[in-house]
Amino acid sequence: AMALCLKQVFNKDKTFRPRKKFEPGTQRFELYKKAQASLKSGLDLKAVVQLPPGESINDWIAVHVVDFFNRINLIYGTMSEYCTERSCPIMSGGLKYEYRWQDDSRYKKPTKLSAPQYMCMLMDWIEMLINNEDIFPTRIGVPFPKQFQQVCTKILTRLFRVFVHVYIHHFDSIINMGAEAHVNTCYKHFYYFIREFSLIDHRELEPLVRIPQGWGG
C-alpha cells in the first residue's frame with residue numbers, strides 16, 4: 001500500500017526536491033550503500049545505526065542526515081494534502097508544543113507560521129545546507145567544517161519536529177493511507193540514530209516520549 005501511495009504522490013506532480021547525490025566510487029557512496037544494505041537485511045535498528053569499525057563519524061552522520069531528509073520529506077509529501085493552512089494554522093505538536101521558524105535570512109526572530117509554511121521553509125533550508133559544499137563537502141579529501149555536527153544537530157532537531165507534527169496531528173491519515181509501518185520504521189531508525197550519537201537535546205524528544213516505549217526497546 002505504501003508503494004501505491006508514494007506513486008500517487010509522484011503522479012500529483014508535486015515537486016520533489018533533487019536528492020543530494022553521493023558520487024559512485026566515493027567513500028560516502030560506499031557508506032550509504034552499506035547503511036542501506038544493513039537496513040534492508042532486517043537487522044535490529046539499534047545495531048544498524050552504530051558506526052561501522054574504521055569509518056569516520058562525520059561521514060556516517062552526513063550520509064544519514066541526507067537520507068533522513070529525503071525520507072522525511074517524502075513522508076511529509078504524502079501527508080501534505082491533509083496538512084493545510086486551515087487544518088494546521090500553527091506549526092505545533094499538540095496543545096503543549098509550538099514551533100516557531102527562525103533562519104539567518106528572512107526570519108531573524110522566531111516567527112509563528114502555519115505548519116505547511118514551516119515545512120516549506122524547513123525543507124528549503126535543509127536543502128540549501130546539504131547542497132552547500134562548505135558544509136557537506138562531497139569531494140574526496142575535503143574535510144568537514146568544525147561546526148559540522150552542530151549544523152547536523154540543528155537539521156535533525158527540526159526534522160524531528162516533522163515527526164512530532166505528523167504523529168500528533170495526522171496519525172489518522174497515516175493509518176488511512178496504510179503508511180503506518182513505513183512511518184514507524186523511519187521514525188524508529190531516526191530515533192535510534194540520534195540517541196546513538198546524542199545528536200538532539202532530550203528535551204526536544206518530549207512530545208513523542210510515549211511512542212518509543214511501545215517498541216519494548
Side-chain angles (χ1 to χ4, degrees), residues 1-2 5-6 8-10 12 14-17 19 45 64-103 106-107 109-130 151-195 199-215:
M2 189 61 194
C5 80
L6 289 186
Q8 285 165 346
V9 172
F10 284 119
K12 278 181 200 143
K14 282 204 183 10
T15 51
F16 273 93
R17 290 144 213 287
R19 286 164 174 269
L45 284 168
H64 281 79
V65 167
V66 172
D67 190 40
F68 286 135
F69 166 65
N70 284 325
R71 290 201 282 153
I72 292 166
N73 192 27
L74 199 57
I75 285 171
Y76 182 70
T78 63
M79 302 290 126
S80 59
E81 66 186 282
Y82 305 105
C83 183
T84 62
E85 302 284 327
R86 180 177 284 183
S87 71
C88 305
I90 294 168
M91 173 59 185
S92 58
L95 297 172
K96 218 168 144 189
Y97 301 93
E98 181 186 309
Y99 301 119
R100 296 180 178 195
W101 180 255
Q102 183 175 15
D103 54 38
R106 242 173 101 183
Y107 296 94
K109 289 197 185 108
T111 307
K112 276 189 186 199
L113 295 178
S114 68
Q117 282 177 304
Y118 185 101
M119 298 294 186
C120 190
M121 298 300 298
L122 174 61
M123 299 309 177
D124 284 346
W125 174 79
I126 297 176
E127 191 181 10
M128 179 194 72
L129 289 172
I130 64 176
V151 172
C152 289
T153 284
K154 208 164 176 185
I155 291 173
L156 292 167
T157 299
R158 288 177 170 184
L159 278 175
F160 183 79
R161 295 169 182 178
V162 180
F163 281 120
V164 173
H165 182 75
V166 164
Y167 269 119
I168 291 174
H169 295 277
H170 302 293
F171 197 64
D172 50 348
S173 305
I174 297 174
I175 290 169
N176 292 340
M177 296 166 88
E180 190 182 355
H182 175 82
V183 175
N184 284 349
T185 301
C186 187
Y187 174 67
K188 228 187 271 196
H189 186 199
F190 182 95
Y191 177 81
Y192 288 139
F193 186 80
I194 55 157
R195 289 298 297 266
L199 287 166
I200 295 187
D201 185 316
H202 64 91
R203 284 170 306 196
E204 283 280 343
L205 304 176
E206 281 170 11
L208 295 182
V209 85
R210 287 182 307 284
I211 287 186
Q213 291 168 357
W215 302 333

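Quick note: residue numbers are just sequence positions, from 1. These numbers were taken from a predicted model, which means no experiment stands behind them.
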- Mind checking whether Ile72 and Phe190 have side chains closer than 4.5 Å, heavy atoms only? yes
- Between the main-chain N or O of Phe69 and the side-chain N or O of Asn73, is there a donor-acceptor pair closer than 3.5 Å? no
- Query: With side chains defined as the heavy atoms from C-beta onward, is the minimum distance between Glu85 and Pro116 less than 4.5 Å?
  - Reply: yes
- Note on the structure: Exactly one candidate in Ile200, Thr157, Leu159 meets side-chain contact (heavy atoms from CB on, under 4.5 Å) with Ile194; the answer is Ile200
- Task: With side chain to side chain contact (heavy atoms under 4.5 Å, CB included) as the test, would you mind laying out the steps for His169 and Cys83 before giving the verdict?
- Result: CA-CA 9 Å; His169 295 277; Cys83 183; over 6 Å; no
- Message: Taking the side chain as everything from C-beta on, heavy atoms only, tell me whether Phe171 gets closer than 4.5 Å to Val183.
- Response: no
- Looking at side-chain heavy atoms only, is the closest gap between Met121 and Arg106 below 4.5 Å? yes
- Task: Please answer whether the main-chain N or O of Leu199 pairs with a side-chain N or O of Thr153 as donor and acceptor at a distance below 3.5 Å.
- Result: yes
- Query: How long is the span from the CZ atom in Phe68 to the SG atom in Cys152, to the nearest 0.5 Å?
  - Reply: 11.5 Å
- Message: Let me confirm one number: the CG-NE2 distance from Asn184 to His189, rounded to the nearest 0.5 Å.
- Response: 14.5 Å
- Heavy atoms only: give me the nearest Pro207-Val164 pair and the separation to one decimal. CB-CG1, 3.7 Å
- Item | Residues forming a ring-ring contact (aromatic ring centres under 6.0 Å, His included) with Tyr76, sequence neighbours excluded | none
- Indicate the ring-plane relationship of Tyr118 and Tyr99, choosing parallel, tilted or perpendicular according to the 30° and 60° boundaries. tilted
- With under 30° as parallel and over 60° as perpendicular, where do the rings of Phe193 and His64 fit, or are they tilted in between? parallel
- Interatomic distance, Ser114 atom OG to Met119 atom CE [nearest 0.5 angstrom]: 9.5 Å
- Would you check if Glu204 and Arg161 make a side-chain contact, meaning some heavy-atom pair closer than 4.5 Å? yes
- Separation between NE2 (His182) and CG (Leu74), nearest 0.5 Å, reads 6.0 Å
- Is the side chain of His165 donor-acceptor paired with the backbone N or O of Gly93 at a distance under 3.5 Å, no angle test? no
- Task: Using the side chain to side chain contact (heavy atoms under 4.5 Å, CB included) rule, take Trp125 and Arg158 through it: C-alpha gap first, then chi angles, then the decisive distance, then the call.
- Result: CA-CA 10 Å; Trp125 174 79; Arg158 288 177 170 184; 3.6 Å; yes
- Query: Do Leu113 and Met91 have side-chain heavy atoms sitting under 4.5 Å apart?
  - Reply: no
- Task: Check whether any side-chain heavy atom of Arg195 sits under 4.5 Å from a side-chain heavy atom of Leu205, and report yes or no.
- Result: yes
- Message: Does His170 form a ring-ring contact (aromatic ring centres under 6.0 Å, His included) with Tyr82? I'd like the steps, not just the answer.
- Response: CA-CA 7 Å; His170 302 293; Tyr82 305 105; 7.4 Å; no
- Spacing of Met123 atom CE and Asn70 atom CG [to the nearest 0.5 Å]: 10.0 Å
- Message: Return the OH to CD distance between Tyr167 and Glu180, rounded to the nearest 0.5 Å.
- Response: 8.0 Å
- Task: Would you indicate whether the side-chain heavy atoms of Tyr191 and Leu208 approach each other to under 4.5 Å?
- Result: no
- Kindly indicate, with the supporting measurements, whether the criterion side chain to side chain contact (heavy atoms under 4.5 Å, CB included) is fulfilled by Lys188 and Thr185. CA-CA 5 Å; Lys188 228 187 271 196; Thr185 301; 5.6 Å; no
